[in-house]
Amino acid sequence: MANDLEQKIIKQIEYYFGDINLPRDKFLQEKIKEDEGWITLDVLLTFKRLSSLSTDQEVIAKAIEKSENGLVVVSEDRKKLRRNPEKPSPELNDERRKEIMERTAYAKGFPLDEDFNNIISFLEPHGPVESCSRRSTKDHKFKGSCFIIFKDVETCKKFVEQESVKYGETELIRKFQKVYFDDKKKEIQDRKDQKAAHRASEKSGTPLQFPKGAVIHFSGIEEGVTVSREELKEKVKEVGKIEVKFVDFDQGDLEGYLRFAQENEAVEFFKTVDNATLEIGKSNIKLRVLEGDEEDEYLKKTSDSILKIRKNKKQNSNNRKRKGNFGGGRRDAKVSKRN
């Protein structure tokens with residue numbers, strides 16, 4: 001019977017050699033070609049998650065021998081492991097990718113500094129789980145969201161569709177992976193459409209169009225208290241797990257506006273805020289969603305301001321180009337020298 005540490009080692013090793021990871025892990029794919037599928041424990045211990053559990057090769061070998069799955073076998077010299085040849089990994093073709101996606105969930109709301117082992121332990125009662133991968137930024141910082149591959153579609157469906165799943169005090173945002181990708185595609189297309197509409201508005205002189213239900217007014221910053229746009233953005237992200245598109249506010253102001261990218265995002269964010277208040281430093285900032293005439297008036301002012309800035313930039317750019325095209329420019333000097 002495997003003890004707690006051995007169970008963790010088994011789980012990690014069987015993940016490396018499992019149906020999800022092995023077919024798409026290029027490094028392991030290259031290694032298993034070198035020695036009839038065998039990979040040395042020296043190589044496996046270069047993987048941080050395994051080495052964080054144990055660096056003792058004998059402890060790892062003993063743990064694998066206690067596995068009930070028989071997915072991974074130990075070499076006679078106890079220095080190498082390989083996937084059991086009697087249990088070959090499936091081919092990662094389009095049909096297989098589709099099948100995996102159907103039982104993969106997206107979950108967001110984990111603390112950005114959370115230990116991955118804690119997330120794995122949290123998911124165990126919702127499993128069985130085949131794989132959990134953290135989503136990271138380009139500089140390898142955890143985004144607070146994961147893709148979780150469940151053993152079957154029904155388990156995944158139960159996790160996504162149950163009324164509430166909280167990590168600590170935070171309600172997790174949950175979607176099927178396919179729904180997440182579809183939402184992302186729509187979001188990207190909406191941004192492209194909005195940019196195209198803005199360009200058309202600039203040419204025609206008509207007001208820019210903005211999504212409704214996407215602006216929050218905030219107030220209550222005390223005089224002498226410094227609050228930055230970055231602090232406001234980070235607080236919104238922390239509380240609502242959502243990005244602010246623009247903060248209409250300068251340091252020293254006592255009130256301002258938060259503008260979101262998508263329709264009704266301000267409304268949805270407002271639902272996540274306790275007592276319509278954000279606590280930033282020493283300030284309790286009061287929030288309210290703009291509606292009706294007040295919203296229309298603010299969006300018109302925003303449109304006028306943006307169009308004016310763009311018009312000025314365009315004029316300044318044209319002026320610089322004209323100045324560069326008349327005598328005394330570097331290009332003319334070079335031509336004169338050649339002549």
Side-chain angles (χ1 to χ4, degrees), residues 1-90 92 100 103-105 107 110-137 139-151 155 167-168:
M1 182 72 177
N3 60 35
D4 183 59
L5 174 60
E6 289 171 333
Q7 288 175 3
K8 289 179 180 178
I9 291 171
I10 292 167
K11 192 168 187 177
Q12 192 59 42
I13 292 288
E14 291 186 346
Y15 166 74
Y16 294 147
F17 288 93
D19 291 352
I20 301 299
N21 184 69
L22 188 59
R24 64 186 181 187
D25 191 317
K26 293 181 180 179
F27 177 77
L28 287 180
Q29 283 292 328
E30 289 300 316
K31 283 294 177 183
I32 62 177
K33 293 175 184 176
E34 296 175 3
D35 185 17
E36 298 180 335
W38 293 107
I39 299 178
T40 65
L41 284 165
D42 285 334
V43 168
L44 291 171
L45 282 169
T46 63
F47 299 168
K48 289 182 180 179
R49 283 195 49 73
L50 178 60
S51 61
S52 70
L53 296 172
S54 177
T55 57
D56 189 323
Q57 296 191 11
E58 183 57 27
V59 169
I60 295 170
K62 281 184 177 179
I64 296 304
E65 288 175 333
K66 292 182 181 181
S67 172
E68 297 177 1
N69 296 328
L71 182 69
V72 180
V73 294
V74 183
S75 64
E76 288 185 9
D77 63 7
R78 306 179 67 73
K79 294 182 179 180
K80 295 182 284 188
L81 304 178
R82 73 175 177 183
R83 181 163 174 143
N84 191 333
E86 297 178 4
K87 298 184 176 185
S89 61
L92 190 59
I100 291 173
R103 51 190 174 93
T104 301
F110 302 105
L112 301 183
D113 59 351
E114 186 62 293
D115 185 272
F116 190 50
N117 289 323
N118 293 339
I119 295 176
I120 296 298
S121 298
F122 165 79
L123 290 172
E124 284 178 358
H126 299 282
V129 171
E130 279 195 3
S131 170
C132 175
S133 56
R134 291 187 294 183
R135 301 179 65 250
S136 302
T137 60
D139 54 353
H140 308 295
K141 292 181 179 178
F142 181 38
K143 287 184 173 182
S145 59
C146 297
F147 286 132
I148 307 154
I149 304 176
F150 290 88
K151 194 73 175 177
T155 308
Y167 192 84

Return yes if a side-chain donor-acceptor contact under 3.5 Å exists between S54 and D56, otherwise no. no
Ignoring hydrogens and angles, tell me if any N or O in the side chain of E6 forms a donor-acceptor pair with the backbone of N3 under 3.5 Å. yes
Contact check, side chains of V129 and E124, non-hydrogen atoms, under 4.5 Å: no
So, for K8 and L53, which heavy atoms are closest and what is the spacing to 0.1 Å? O-CD1, 3.7 Å
Exactly one candidate in D42, D35, T40 meets side-chain hydrogen bond (donor to acceptor under 3.5 Å, both in side chains) with K80; the answer is D35
Is the closest side-chain heavy-atom distance between Y167 and I119 below 4.5 Å? yes
Which pair of heavy atoms, one from T155 and one from P128, lies closest together, and at what distance? CG2-N, 4.2 Å
Any Lys/Arg nitrogen of R78 or E65 sitting under 4.0 Å from an Asp/Glu carboxylate oxygen of the other? yes
Are any of the side-chain heavy atoms of C132 and I120 separated by less than 4.5 Å? yes
When every non-hydrogen atom of R135 is compared with those of F142, the smallest separation belongs to O-CD1, 3.4 Å
Does a side-chain heavy-atom distance below 4.5 Å link R82 with V72? no
If every non-hydrogen atom of A63 is compared with every non-hydrogen atom of I9, which pair is closest and at what distance? CB-CG2, 3.9 Å
Count the heavy atoms belonging to other residues, nucleotides or ligands that lie under 6.0 Å from CD of E86, then report whether that count exceeds 12. no
Flag yes if more than 12 heavy atoms outside K151 fall under 6.0 Å of its NZ atom; otherwise flag no. no
Give, for atom CZ of F116 and atom NZ of K48, the distance between the pair rounded to the nearest 0.5 Å. 14.0 Å
CD of E14 to CG of L81, rounded to nearest 0.5 Å, is 10.5 Å
Testing the basics here: between W38 and S75, what is the closest heavy-atom pair and its distance to 0.1 Å? CZ3-N, 3.4 Å
Can you name the nearest heavy-atom pair linking D19 to P90, along with the distance? OD1-CD, 3.3 Å
dist E114:CD -> N117:CG (nearest 0.5 Å) comes out at 10.0 Å
Less than 4.5 Å apart, side chain to side chain, heavy atoms only: is that true for Y16 and L28? yes
Would the distance check show the side chain of S52 and the main-chain N or O of R49 forming a donor-acceptor pair, the cut-off being under 3.5 Å? yes
Atom CD1 of I148 and atom OG1 of T104: how far apart are they, to the nearest 0.5 Å? 9.5 Å
Sub-3.5 Å donor-acceptor pair from the side chain of R83 to the main-chain atoms of F17, do we have one? yes
With distance as the sole test, does T55 use its side chain to make a donor-acceptor pair with the main-chain N or O of S51 at under 3.5 Å? no
Nearest 0.5 Å please: distance from the CG atom of L41 over to the CG atom of D77. 9.0 Å
Would you check if V43 and F27 make a side-chain contact, meaning some heavy-atom pair closer than 4.5 Å? yes
How far does CG of L45 sit from CD of Q57, to the nearest 0.5 angstrom? 6.0 Å
